[in-house]
Protein chains: 2
Amino acid sequence: MKSLFFILICTLLHVSVFAELSEKQIPLKWELGYAKTVGESPSKWIPAIVPGAVQLDIAKAEKYEPYFYAEHWKDYLWMEDQFYTYRTSFQKPELASGERFIFISKGIDYQFKIFLNGIELLSQEGMFTPVNLDLTDQLKPNNELTILVFPAPKIYPKPVDRSQASHSVKPAVSYGWDWHPRLIPLGIWDDTYLEVQPASYINDFHVNYTLNEELTNAKLDLQISGRNLKDLPFVWTLKDDNGKEVLISKGKTTLDFPNPQLWWTHDHGKPTLYTSTIQLLDATGKVIQTCESKIGFRRIKLVMNEGAWNEPAGFPKTRSVSPAQLEINGRKIFCKGTNWVNPEIFPGIITRQRYDELLKLAKEANFNLLRVWGGGIVNKESFFELCDEKGILVWQEFPLACNNYPDDAHYLSILKQESASIINRVKKHPSLAFWSGGNELYNAWSGMTDQSLALRLLNSQCLELDPNSPFIPTSPMMGMAHGNYVFRDLDNKEEVFSNMARAHYTAYTEFGMPAPASVEILKTIIPKEELWPPKAGTSWESHHAYNAWVGNTWLCQDIIEDYFGVSNSLEELVANGQLMQGEGYKCIYEEARRQKPYCSMATNWCYDEPWPTAANNSLISYPAIPKPGFYAVKNACRPLLASAKLSKFKWTEGETFFADVWMLNDLPTEVPSGKVKIKLVAGTSELVLLNWDFDAMKANVNQAGPTVRCKLPAWSTDRFKVVLEVEGHPEYNSEYTLAYQPRTVERKRTTPVMNQ
Amino acid sequence: MKSLFFILICTLLHVSVFAELSEKQIPLKWELGYAKTVGESPSKWIPAIVPGAVQLDIAKAEKYEPYFYAEHWKDYLWMEDQFYTYRTSFQKPELASGERFIFISKGIDYQFKIFLNGIELLSQEGMFTPVNLDLTDQLKPNNELTILVFPAPKIYPKPVDRSQASHSVKPAVSYGWDWHPRLIPLGIWDDTYLEVQPASYINDFHVNYTLNEELTNAKLDLQISGRNLKDLPFVWTLKDDNGKEVLISKGKTTLDFPNPQLWWTHDHGKPTLYTSTIQLLDATGKVIQTCESKIGFRRIKLVMNEGAWNEPAGFPKTRSVSPAQLEINGRKIFCKGTNWVNPEIFPGIITRQRYDELLKLAKEANFNLLRVWGGGIVNKESFFELCDEKGILVWQEFPLACNNYPDDAHYLSILKQESASIINRVKKHPSLAFWSGGNELYNAWSGMTDQSLALRLLNSQCLELDPNSPFIPTSPMMGMAHGNYVFRDLDNKEEVFSNMARAHYTAYTEFGMPAPASVEILKTIIPKEELWPPKAGTSWESHHAYNAWVGNTWLCQDIIEDYFGVSNSLEELVANGQLMQGEGYKCIYEEARRQKPYCSMATNWCYDEPWPTAANNSLISYPAIPKPGFYAVKNACRPLLASAKLSKFKWTEGETFFADVWMLNDLPTEVPSGKVKIKLVAGTSELVLLNWDFDAMKANVNQAGPTVRCKLPAWSTDRFKVVLEVEGHPEYNSEYTLAYQPRTVERKRTTPVMNQ
């Protein structure tokens with residue numbers, strides 16, 4: 001427990017989160033002050049860590065209790081309404097002839113002005129558009145650079161909720177969500193430094209490519225922007241992933257590249273990356289500047305799901321559904337993944353290392369697609385670099401979620417600016433699967449429609465700046481679906497098993513199963529005296545165990561205890577809740593896969609979390625600690641596995657148990673025939689139901705097997721397992737735990753429960 | 001009969017269809033030649049009428065039989081594959097200093113090059129982008145202007161159908177449709193002339209306006225484009241519809257206009273038009289040029305249909321439907337209308353007079369919206385001018401229909417050019433309700449999806465050039481529906497009555513009921529020897545009576561005779577078919593209105609037709625002759641009427657007849673209470689079922705009344721009427737004719753049928 005608390009504290013104080021700067025980049029030492037009004041001077045100055053957030057600097061300087069513990073986050077609320085000033089000073093550097101001295105910030109959150117020696121150089125709204133200011137001509141021997149950051153944008157003072165973010169391009173999640181406290185980051189949130197640049201300088205470059213239909217040739221088109229580049233010679237090389245030079249161009253910006261090794265998701269091939277290098281030369285041939293980037297060659301489309309053109313049938317007839325079948329390099333793949341949310345409340349302290357930990361786990365979970373949900377930020381560059389390397393696709397949403405973003409000229413102008421910055425940065429990454437306008441915008445609680453100008457604008461922006469990537473205005477589109485978010489519907493009490501068996505969608509792009517955090521984590525966030533029993537109105541509620549969504553979410557103690565009886569301890573409650581999360585998630589992922597090829601995608605809500613929750617649909621507790629449900633999902637997402645289609649969770653002695661047996665196969669290769677043994681296991685008692693000889697399977701095609709049935713014997717446990725064993729291939733085995741009710745014996749809650 | 005044939009012949013020879021030219025416009029005398037290959041010189045020259053079509057010139061010069069008679073259209077087929085040359089000559093005019101000599105064509109169909117004295121001045125693909133060529137600097141004393149028109153574009157030689165048009169912005173209908181022969185127009189199709197223009201000249205102007213939320217102020221923004229306009233003074237005036245000057249500006253391009261009289265559809269108010277006049281002055285104040293245009297002030301939105309946000313219910317949950325509720329000036333209105341198709345096969349010969357005849361009838365039919373279907377052309381200016389004047393809204397589709405228009409760079413570039421021309425022209429008209437990408441593009445037979453770049457491009461173009469008008473990618477969108485197109489489903493035999501009662505859509509934007517043309521018309525198109533009985537493989541089939549869509553469409557003799565027995569004559573068959581068209585259409589329009597406010601729109605397929613069909617879903621036979629169904633629809637679309645919801649068409653003696661009685665009210669004003677008498681009438685026999693006292697009704701709200709029931713007595717007719725009489729208001733009366741089967745008596749087909 002201590003070690004976990006230590007991790008949390010280190011994160012809060014953001015020890016060693018400085019980005020590495022290259023040698024030409026000059027780091028700055030910052031101070032922070034704040035005031036209630038815009039004209040007012042700060043009464044004092046405290047050290048500021050950049051990138052970071054104003055809240056974290058104040059907390060550190062003024063010794064606030066950590067926001068993740070108990071209900072201390074409430075102590076931070078006042079900070080959203082202040083005017084903040086960052087200041088730093090530096091001396092005028094020695095500059096060679098023509099050299100420029102540039103202030104660069106990759107992101108300042110959210111509305112701000114920048115001053116050099118009291119003179120305003122820039123006024124900007126928007127955290128995703130980088131700052132690139134040439135200070136050279138305004139330098140004095142000693143200089144002070146200040147950044148005035150405005151209070152968090154709010155369109156109304158009330159209600160105090162996410163709708164306050166509906167007129168800004170600020171991620172809505174920090175205004176409060178069912179798994180995120182209201183804590184609205186402000187301040188410098190990405191790498192920020194000074195830089196001496198040569199007279200001629202490449203600011204940005206991008207290699208556009210067009211693959212021919214057969215994917216055997218890439219037409220490369222180099223696009224360079226910068227300063228004083230006219231007529232300067234350059235050398236452009238392309239190296240493969242062994243460092244071997246495969247192309248070289250001296251001054252030509254278009255090239256044919258025959259037979260490129262393609263970039264694939266990790267489960268379908270190798271995520272091959274080439275390195276593109278531009279050397280800018282002066283007239284004598286001396287290298288002025290060297291820039292490098294990675295390229296992965298792939299073609300991605302959203303095409304119609306198989307069978308979807310046959311619907312709707314009859315007249316009057318509406319349109320067919322939106323396409324949700326992802327095709328990469330001409331191959332239709334089943335997307336298994338998850339909804340990624342900000343891994344920190346304060347994105348300024350997200351490091352490459354955090355991304356790496358979480359993305360390693362995503363790959364381990366057999367995920368090939370992450371939906372980066374529109375309630376959160378567009379991640380930093382290292383996120384995309386790691387996805388490129390690991391072969392994980394990114395469905396990137398713009399920062400619009402669950403609000404009615406208006407047809408308002410000011411809002412649209414900021415959205416245009418911010419979306420252009422986002423698109424031009426992210427489109428370079430092969431991991432980009434497609435764009436989405438945002439989350440659930442065409443549903444009642446948002447209230448946007450096909451006519452909303454913000455979404456028409458985003459469509460237009462993506463078409464202009466990145467025409468080769470698909471775009472959807474929102475999720476869900478027609479034919480796709482979100483929900484449910486509980487094991488058993490809160491109104492009609494239908495369980496996930498029958499609900500999913502009835503469902504008929506092309507893509508399940510959100511679905512949740514809540515689970516409490518582990519006891520160890522709970523102890524780091526909930527004071528001992530509140531820990532047991534859990535109650536609303538305490539730190540449990542602050543950490544989303546109560547009154548989070550609807551019903552008793554997310555702890556859902558009532559549902560857990562309906563199945564397993566009253567819990568005798570926190571440990572028991574957590575174990576049962578975590579078991580149900582895993583079983584529920586397995587049901588949905590595997591049922592979605594059974595519905596292939598009409599269904600082509602399953603991404604649960606949600607993957608990670610930005611702070612330690614007490615209960616949540618997440619698979620991973622903050623910062624990167626898998627719940628047991630993570631491993632259940634990992635198993636359900638194996639490319640090949642034996643699977644049981646179950647009809648309900650709780651079974652009674654003497655009842656006829658039944659299940660359909662399947663082999664689920666997403667492998668890109670053929671699978672030989674084999675044998676599956678299906679048995680029921682309760683404690684030490686085993687009951688073999690059937691041995692099924694399955695046929696050889698074509699690549700990416702499932703096989704439906706028999707229905708097994710048996711009258712349930714008398715067992716003295718409260719649960720049993722359905723076990724599927726694939727002969728000679730234990731890696732394809734599966735098991736499911738179900739609740740069990742002996743008929744005649746009154747169940748005693750004090751008898752030891754079976755090990756999971 | 002003779003007079004009708006005369007009308008048709010006059011139309012074919014297009015007597016007196018010259019557009020009126022203003023005094024500065026110099027008409028040209030054209031000749032036409034053609035050749036098999038592009039380099040080949042025409043072997044002879046024939047007179048050409050401009051605007052027109054090459055086919056009509058050849059037919060006239062070479063004495064072809066009229067294409068609308070029998071199967072002569074087949075004789076014209078070869079003409080689609082020739083290279084055509086138009087030529088004209090003129091002398092160099094006397095030009096004052098600075099004056100320019102301009103060649104203008106508002107439309108040349110489809111791909112062409114223009115040469116002056118053998119020198120190529122322009123090469124263009126696209127019939128909707130006008131030509132504006134300054135010839136001044138290349139004039140000789142005697143000049144020859146030639147236009148080389150390429151063969152009809154075809155992406156493949158086979159199949160010979162509409163898919164050949166899938167890579168061009170050429171209306172697909174002329175490649176053959178279930179109500180349109182394959183005749184592909186080519187040539188100069190809109191006004192074309194030479195013009196002497198002053199040195200400074202306004203080519204185009206547009207008054208953009210923004211209404212405030214309360215509609216009490218319009219901010220006007222004048223946009224002028226042209227030649228040498230810099231710093232020239234101008235006077236801009238706005239006059240109301242009485243000619244009274246309400247605004248004047250000397251040189252200022254933005255103005256506030258308080259309290260504008262709004263433009264309304266004819267059924268909701270007055271379609272007020274203001275006249276905007278620009279006088280361009282020289283430095284001395286002398287008027288160089290005067291331009292005039294009409295402005296109507298209105299705000300149009302597509303908003304969510306009432307109740308639609310409550311759907312879908314439960315989880316997993318997809319998106320809510322697309323909005324289909326039209327709101328004009330803040331008022332939600334029920335749109336009653338129709339699908340407008342080209343009123344001529346050769347659009348070059350459509351006149352303002354033809355538009356006027358058809359649009360007068362549309363207003364008479366109580367239509368407030370025309371869907372201008374994407375299979376056809378974007379109409380000439382006079383169409384929109386007349387819609388503006390008459391208060392009829394236009395849903396304008398781009399020329400894409402029932403094809404998979406590709407993500408192809410060349411196609412997209414032409415689409416971009418053509419859509420810009422279309423948008424910039426049509427957006428000036430207050431009658432423009434909204435844009436649509438085209439017809440049924442998101443259905444299987446087209447195969448386009450939300451990812452199709454053509455539709456993303458059109459969305460983007462409309463957003464950029466006309467952001468205040470709604471845009472839908474296609475019809476039907478989610479929640480809207482097309483079909484059925486027959487009285488009784490061809491597969492499951494369900495009748496329109498029960499089919500519509502089960503339907504639940506926001507907008508019925510296509511639905512058809514076929515009927516034969518009147519006998520008089522049939523005699524002008526079908527040779528006497530083929531006239532009776534109708535047969536497939538004859539002129540009947542060429543005129544779409546057989547093998548047009550599916551089943552025995554569009555004559556549907558089998559369905560007609562299933563209800564009324566074998567027809568003894570052409571007259572009887574036509575009368576019964578026309579009766580069923582009217583009853584079927586009434587059912588759909590009235591049921592759609594009963595489903596208000598969830599449902600907000602009903603537009604039948606189709607209104608008019610481009611040539612005389614033998615049977616078709618149209619309400620109006622070519623050129624502008626209403627079928628009996630037209631009057632049935634006119635009655636069903638009255639703003640206020642008594643209505644009966646019927647459950648089936650044929651009833652048997654002794655059976656319990658039942659119907660729900662409604663008052664349907666789309667009036668923008670309250671309606672006082674009243675009394676409806678419901679009775680059954682068979683021949684001279686009358687049976688009063690009920691007197692219903694309906695309550696006063698709020699504006700735009702229907703009232704559901706009682707269900708009437710009665711055991712059907714013995715009558716000696718094959719049909720009876722349901723009659724609803726509104727006391728003191730015969731203008732709200734309705735009646736419905738149903739088929740009747742006496743129980744015991746074998747029905748004799750030779751007994752006289754009741755008058756309709």
Side-chain angles (χ1 to χ4, degrees), chain A residues 301-304 308-312 314-323 407 412 434 440-445 447 449-451 453 456-457 459-464 467 470-486 489 491-492 494 499-500 503 505 508 510-511, chain B residues 301-304 308-312 314-323 407 412 434 440-445 447 449-451 453 456-457 459-464 467 470-486 489 491-492 494 499-500 503 505 508 510-511:
Chain A
K301 294 183 179 179
L302 279 179
V303 301
M304 204 57 161
W309 282 128
N310 301 333
E311 299 168 355
F315 290 112
K317 192 191 290 295
T318 192
R319 57 164 290 189
S320 293
V321 298
S322 297
D407 294 352
L412 293 172
F434 55 92
E440 294 168 2
L441 301 171
Y442 288 164
N443 287 90
W445 48 95
T449 75
D450 305 69
Q451 297 309 323
L453 296 188
R456 293 184 58 197
L457 175 67
N459 179 16
S460 180
Q461 290 280 93
C462 287
L463 180 67
E464 185 186 337
F471 169 84
I472 58 174
T474 190
S475 179
M477 292 288 282
M478 182 182 177
M480 299 160 67
H482 282 195
N484 208 334
Y485 299 92
V486 282
D489 189 78
D491 294 325
N492 64 23
E494 184 181 29
N499 185 245
M500 277 302 295
Y505 292 100
Y508 299 92
E510 278 194 15
F511 50 86
Chain B
K301 294 183 180 180
L302 279 179
V303 301
M304 204 58 162
W309 281 129
N310 301 332
E311 301 168 353
F315 290 111
K317 191 192 290 292
T318 193
R319 57 165 289 190
S320 294
V321 297
S322 297
D407 294 353
L412 293 173
F434 55 93
E440 294 169 1
L441 301 171
Y442 288 164
N443 286 90
W445 49 94
T449 74
D450 306 70
Q451 297 309 323
L453 296 188
R456 294 184 58 197
L457 174 68
N459 182 5
S460 181
Q461 290 280 94
C462 287
L463 180 67
E464 185 186 336
F471 169 85
I472 59 173
T474 191
S475 178
M477 292 287 283
M478 183 182 176
M480 299 160 67
H482 283 195
N484 208 335
Y485 299 91
V486 282
D489 190 78
D491 294 325
N492 65 24
E494 185 182 28
N499 185 244
M500 276 303 295
Y505 291 99
Y508 298 93
E510 278 194 15
F511 49 88

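Just so it is clear: chains get the letters A, B, ... in the order the sequence lines come, proteins before strands, and each one is counted from 1.
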Backbone of A/P316 reached by a side-chain donor or acceptor of B/Y505 within 3.5 Å: yes
Check: A/Q451 side chain, B/K301 main-chain N or O, donor-acceptor pair, under 3.5 Å: no
Is a side-chain N or O of B/N443 found less than 3.5 angstrom from the main chain of A/T318, in a donor-acceptor match? yes
Between A/G314, A/G479, A/G447, A/P467, the one whose heavy-atom pairs under 4.5 Å with chain B are most numerous: A/G447
For the atom pair CD (A/E440) and NZ (B/K317), what is the distance rounded to the nearest 0.5 Å? 9.5 Å
Tell me which of these, A/D407, A/V321, A/L453, A/N459, has more heavy-atom pairs under 4.5 Å with chain B than the rest. A/N459
Would A/R456 and B/C462 count as a side chain to side chain contact (heavy atoms under 4.5 Å, CB included) if you check the C-alpha gap in whole Å, the side-chain angles of each, and the deciding distance to 0.1 Å? CA-CA 10 Å; A/R456 293 184 58 197; B/C462 287; 3.5 Å; yes
Mind checking the CD-CD spacing from B/E464 to A/E464? Nearest 0.5 Å is all I need. 8.0 Å
Do the non-hydrogen side-chain atoms of A/M478 and B/D450 ever get within less than 4.5 Å of each other? no
Does A/N492 reach the side chain of B/F315, with side-chain heavy atoms less than 4.5 Å apart? no
Please classify the contact between B/F511 and chain A as side chain, backbone, both or neither, with a heavy-atom cut-off of under 4.5 Å. neither
Which one wins on heavy-atom pair count under 4.5 Å against chain B: A/A481, A/A308, A/S460? A/A481
Heavy-atom distance under 4.5 Å to chain B: side chain of A/D491, backbone, both or neither? neither
Atom pair OG1 (A/T449) and CD1 (B/I472), whose distance is rounded to the nearest 0.5 Å: 11.5 Å
Identify which part of B/Y485 has an atom lying under 4.5 Å from any heavy atom of chain A, answering side chain, backbone, both or neither. side chain
Quick one: of A/W445, A/F471, A/Y442, A/Y508, who has the most non-hydrogen atom pairs under 4.5 Å with chain B? A/Y442
